[in-house]
Amino acid sequence: MRLFLVSLSVLFIAGVVGYLIIRGQGQISEPAEPIALPSGLWVSTAVLLVSGWTIHRANRQARSNETGSLKLYLGATFVLSVLFVGIQAPSLVALLGIHRAALAEHSFNLYGISFALIGIHAAHVLGGMLPLGWLFARVWRGGVGRHLQPSIHLCAIYWHFLDVVWVALFALLLFTL
């Protein structure tokens, strides 16, 4: 898991550095007014942060063999992850529309690399939902048991990584658009 997260960190850091280099070269015209991010991105960020808290609670419940609470927190994390994707997708479509309008009116380029970074993050969220859903189904059917505790712990670590990456990407968009 450490090697996986280090490699993903390198991917995202390289993407952010590339974005900042392109942005810093000054070859891209700036819009007359700052671009307002769709409000759904704020909401989806809050949802993702709450899901980070629920997966943290699930991990703690797994270590103490609290099956009832574990079911609740794992289920909440999965539902929140679905909600995050459900809010994020139309928000990104709206952001793409803003980009197209700005490009048509002002020759402003929102930098395709920002969409690539967000898309890569989205793919990793969807990928993280698979083991999360599998763990929830396993816990729902038969309790936690010692054999699932490491899986829940690793899932929590990965989910926290996704939280950090999204907050960093969102901050990057806020401060550079």
Side-chain angles (χ1 to χ4, degrees), residues 1-59 76-132 154-177:
M1 177 61 86
R2 285 185 184 129
L3 183 59
F4 178 61
L5 293 181
V6 167
S7 65
L8 286 179
S9 296
V10 169
L11 172 71
F12 281 108
I13 290 169
V16 167
V17 168
Y19 174 89
L20 292 173
I21 288 171
I22 291 169
R23 176 120 170 92
Q25 288 179 343
Q27 297 173 351
I28 299 170
S29 62
E30 296 289 331
E33 299 174 11
I35 292 178
L37 294 176
S39 60
L41 293 179
W42 289 95
V43 175
S44 67
T45 300
V47 167
L48 190 64
L49 292 174
V50 172
S51 75
W53 178 79
T54 58
I55 194 70
H56 173 75
R57 295 296 305 160
N59 187 34
T77 303
F78 187 76
V79 167
L80 288 167
S81 71
V82 171
L83 185 60
F84 173 79
V85 171
I87 296 169
Q88 191 85 350
S91 297
L92 293 178
V93 169
L95 187 60
L96 187 57
I98 292 168
H99 165 64
R100 286 184 181 152
L103 186 59
E105 288 183 29
H106 307 289
S107 298
F108 170 68
N109 188 345
L110 187 59
Y111 323 118
I113 195 168
S114 62
F115 288 105
L117 288 169
I118 292 169
I120 292 168
H121 181 267
H124 285 90
V125 168
L126 292 172
M129 290 171 67
L130 296 174
L132 183 62
L154 291 174
C155 194
I157 289 171
Y158 181 69
W159 207 254
H160 290 312
F161 173 80
L162 292 175
D163 287 345
V164 169
V165 168
W166 174 249
V167 168
L169 290 176
F170 188 57
L172 181 70
L173 290 175
L174 281 174
F175 294 117
T176 61
L177 292 182

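Hydrogens, waters and symmetry mates are skipped; everything else that's a heavy atom, side chains included, is used.
For residues 78-89, every residue pair satisfying the side chain to side chain donor-acceptor pair (under 3.5 Å) rule, not counting sequence neighbours, is listed here: Ser44-Gln88.
Ring pair His121/Phe84 is perpendicular by interplanar angle, where above 60° counts as perpendicular and below 30° as parallel.
Proximity of a side-chain donor or acceptor of Tyr158 to a complementary backbone N or O of Met1 within less than 3.5 Å is not detected.
For Ser51, the side-chain hydrogen bond (donor to acceptor under 3.5 Å, both in side chains) partners are Trp159, not counting sequence neighbours. Under the rule for a side-chain hydrogen bond (donor to acceptor under 3.5 Å, both in side chains), Ser91 has no partner lying at least two apart in sequence or in another chain. For Asp163, there are no side-chain hydrogen bond (donor to acceptor under 3.5 Å, both in side chains) partners two or more places apart in sequence or in a different chain. Considering only residues two or more places apart in sequence or on other chains, Val82 meets the side-chain contact (heavy atoms from CB on, under 4.5 Å) condition with Phe78, Met129.
Expressed to the nearest 0.5 Å, how far CD1 of Ile157 lies from CG of Asn59 amounts to 7.5 Å. Note that the CG atom of Leu132 and the CG atom of Leu126 stand 12.0 Å from one another [nearest 0.5 Å]. Interatomic distance, OH of Tyr19 versus CZ of Phe12, reported as 15.0 Å (0.5 Å rounding).
Between Gly127 and Pro131, the shortest heavy-atom contact is O-CD, 2.9 Å.
Annotation: side chain of Leu41 is in contact with side chain of Leu92 (closest heavy-atom distance under 4.5 Å). Counting heavy atoms from C-beta on, the side chains of Leu49 and Val167 come closer than 4.5 Å. In this structure, Leu172 and Leu20 have side chains that are in contact, with non-hydrogen atoms separated by less than 4.5 Å.
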